[in-house]
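Please read the structure below before turning to the comments.
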Protein chains: 2
Amino acid sequence: MSDSDTTADSSSDASAEASPSVGGLSGHAGTSTTSSSVSVGAQIRNDIIKGIHPPGGKLREAALAKQYAVSRIPIREALRSLEAEGLVESRPYSGSMVAPSPVEDAEDLFEIRIVLESATAKRAAKRAAEQRNREVPDSRWRGVRREINTILDEGDDVIEQERYEDLAVLNMRFHFAVAELSGSLSLVSLLRQISGKIEWLYSLNVTRRGPQAWPEHRDIIAAIDAGQQAKAAEVMAGHVRRSRDSYFAMMAETSTQTD
Amino acid sequence: MSDSDTTADSSSDASAEASPSVGGLSGHAGTSTTSSSVSVGAQIRNDIIKGIHPPGGKLREAALAKQYAVSRIPIREALRSLEAEGLVESRPYSGSMVAPSPVEDAEDLFEIRIVLESATAKRAAKRAAEQRNREVPDSRWRGVRREINTILDEGDDVIEQERYEDLAVLNMRFHFAVAELSGSLSLVSLLRQISGKIEWLYSLNVTRRGPQAWPEHRDIIAAIDAGQQAKAAEVMAGHVRRSRDSYFAMMAETSTQTD
DNA sequence: TCCTGAGAGTTTGTATACAAAACGATAGGC
DNA sequence: GCCTATCGTTTTGTATACAAACTCTCAGGA
């Protein structure tokens, strides 16, 4: 046991708070109280995606507790969440390990994501039209809609300053915000699960198509704002498809030596 | 606190062990040790789907602990899982409540399920072909494949004896087993999330198309065994589509008075 | 040499206890 | 009368402690 504290504690350093938990995603905007259970969960998720915890690696609760400086209880709760998200595999009394990387499933995951995000865009457009016909505007809806503007503007700034590494988080926030506009918690939770895996995919290669894809987001929002359900779905589908193609192109480039 | 024990304890009685946890789904076949955390989770999930915990209802940990006769720790872990599955909404220091029912999302959920299950069937067929070309057969694969035969036979028995209420569980077990044949943990975990919601949909109306749909399962397996990827996907898609149509037909019948 | 089984040690599972935050009621001020 | 602040209660969050189960090692025998 003497070597157990040699486990790399380089993990949660700076990246800790850069979790993809994406603002007030799960409804209930505003409240900032953040239990350590959920923040530790985000950190572990990040570290899995970054490869700090490699696929197949055992996740020992005591070690994680020491590493993230909390007791085992928050660790266990985080592991349960990650297990349900499919990033971690657990067996009673036998412990948890990082799930195998979803590289093999890339094609299927993107296909599902296309359908899923088309649905969120469509539903968002539907709700936008409903909002327009309303007397009393839904304050929650307006809040999310406004947040999207902020995200889009921030993205423009980031691109102008060529801080492309920040684009990934903004991109996720955008897509989640659209899902939230749809008003459907089911779709949001599904998106969370899928985009977790897809983010994991992306972490294997570093770059992203980012910059030239960003303006497409404004097209998506335009269709949503106009209440054009079919068009919103279509534009979103195209956006995700291009994202997929870019991913596979990147993989093809990278893995010229693999096979 | 004197009245707190009047909470209906009728919940977990018999249905407890009829959880949709579906055999050795998460890999690691064989071991039977079942932590109370996961079994309590299954019970709560069941009770949510049954409507015993109504959408929007608060889930107080102490009450649940008393109701399911465990301490708060397993309850909390179960709630974290259910939260990640989208059946429960939680906010730190504010507690958990049952998520809104996914009825509004029925159409989208089925659409996603069609894509998802087509993918599992296709991948299963691919793997079946690979198995055939192998010297050493994958024992895990063989186990699952054999389990499917058992499920199909049991289903036939159940139909012959007209115990249609048992068909739902068998149906789920079948679809999960196919997902497992695909060898993809990502797809399995996605299916778990989606089918949880769809099961919730179904619980609103009681009946199912069950009997006449059951034989279709053998067609799916036939295509998989033959290694015909495209056909397997196609047959599975048709199967799920008919399931969807049946659902909406049922809804149309049932809700003639609603609007 | 290989298999089997018992034992110690490690790791997970759960209960209890306490700390911290949110919620609700009540009293005070405008 | 209504709003606001404060206190007490309730509920959740987390640490500690102990029980239960698994795993690995090693001795014994076929």
Side-chain angles (χ1 to χ4, degrees), chain A residues 1-7 12 21 24 26-44 53 56-84 88-98, chain B residues 1-7 12 21 24 26-44 53 56-84 88-98:
Chain A
M1 68 170 73
S2 56
D3 60 81
S4 68
D5 51 359
T6 62
T7 47
S12 57
S21 57
S26 65
H28 318 291
T31 55
S32 58
T33 32
T34 168
S35 65
S36 92
S37 167
V38 60
S39 90
V40 161
Q43 289 179 40
I44 298 181
H53 302 302
K58 297 210 65 135
L59 296 170
R60 294 233 163 65
E61 296 174 1
L64 294 173
K66 187 184 272 190
Q67 187 173 353
Y68 297 98
V70 291
S71 91
R72 280 177 53 217
I73 299 291
I75 296 289
R76 285 179 61 83
E77 295 189 3
L79 288 177
R80 286 296 159 281
S81 293
L82 295 172
E83 185 188 7
V88 162
E89 249 177 308
S90 302
R91 211 173 44 181
Y93 283 108
S94 178
S96 306
M97 53 183 253
V98 179
Chain B
M1 68 167 75
S2 57
D3 61 86
S4 67
D5 52 0
T6 62
T7 48
S12 57
S21 55
S26 65
H28 317 292
T31 56
S32 57
T33 32
T34 167
S35 65
S36 93
S37 168
V38 59
S39 91
V40 160
Q43 289 179 40
I44 298 180
H53 302 302
K58 297 211 66 136
L59 296 170
R60 294 233 161 67
E61 297 175 0
L64 294 173
K66 187 183 272 189
Q67 188 175 351
Y68 297 99
V70 291
S71 92
R72 280 176 53 217
I73 299 291
I75 296 289
R76 284 178 62 84
E77 295 188 3
L79 288 177
R80 285 297 159 279
S81 293
L82 295 172
E83 184 188 9
V88 162
E89 249 177 307
S90 301
R91 212 174 44 182
Y93 283 108
S94 179
S96 306
M97 53 183 252
V98 179

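Numbers restart at 1 for each chain; the letters A, B, ... are given by sequence-line order, proteins then strands.
Nucleic acid contact class of S96(B) (heavy atoms, under 4.0 Å, all strands): none. Across all strands, L59(A) comes closer than 4.0 Å only to sugar-phosphate atoms, never to a base (heavy-atom distances).
Spacing between atom CE of M97(B) and atom C1' of dT12(D) amounts to 16 Å, rounded to whole angstrom units. If you take CZ of R60(A) and C1' of dG9(C), they are 13 Å apart, rounded to a whole angstrom. For the pair L64(A) CG and dT14(D) P, the computed distance is 15 Å after rounding to whole Å. Rounded to whole angstrom, the span from the CD atom of E83(A) across to the P atom of dT12(C) amounts to 13 Å. For I75(B) and dT12(D), the CD1 to P distance is 11 Å, given to the nearest whole Å. Following rounding to the nearest Å, K66(A) (NZ) and dT12(C) (C1') show an atom-to-atom distance of 18 Å.
Contact record, S96(A) with L79(A): OG-CD1, 3.9 Å, taken as the closest heavy-atom pair. Across S94(A) and K58(A), no two heavy atoms sit closer than the pair O-NZ, 3.4 Å.
Between R91(A) and dT23(D) there is a side-chain polar atom (N or O) within less than 4.0 angstrom of OP1 or OP2. Of the side-chain N and O atoms in R80(B), none sit less than 4.0 angstrom from OP1 or OP2 of dT12(D). Applying the 4.0 Å criterion to OP1 and OP2 of dG13(C), one finds that R76(A) has a side-chain N or O inside that range.
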Practice task
Give the intermediate values and the outcome of side chain to side chain contact (heavy atoms under 4.5 Å, CB included) for residues H53(A) and V88(A).
Solution key: CA-CA 11 Å; H53(A) 302 302; V88(A) 162; over 6 Å; no
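Between dT16(D), dT12(C), dC23(C), one nucleotide has an atom nearer to the side chain of S94(B) than all others, and that is dC23(C). For R72(B), whose side chain is taken as the heavy atoms from C-beta onward, the closest listed nucleotide among dA17(D), dA17(C), dA15(C) is dA17(C). Picking from dT14(C), dT14(D), dT12(C) the nucleotide with the shortest atom distance to the side chain of S36(B) gives dT14(C).
From R76(B), atom CZ reaches atom CD of E83(B) across 10.0 Å, with rounding to the nearest 0.5 Å. A distance of 5.5 Å separates CG of L59(A) from CG of L64(A), quoted to the nearest 0.5 Å.
In this structure, E77(A) and Y93(A) both approach DNA chain D, and ranking their closest nucleotides by distance from the 5' end singles out E77(A). Position along DNA chain D of the nearest nucleotide to G95(B) versus I73(A) favours G95(B) as the more 5'-ward residue.
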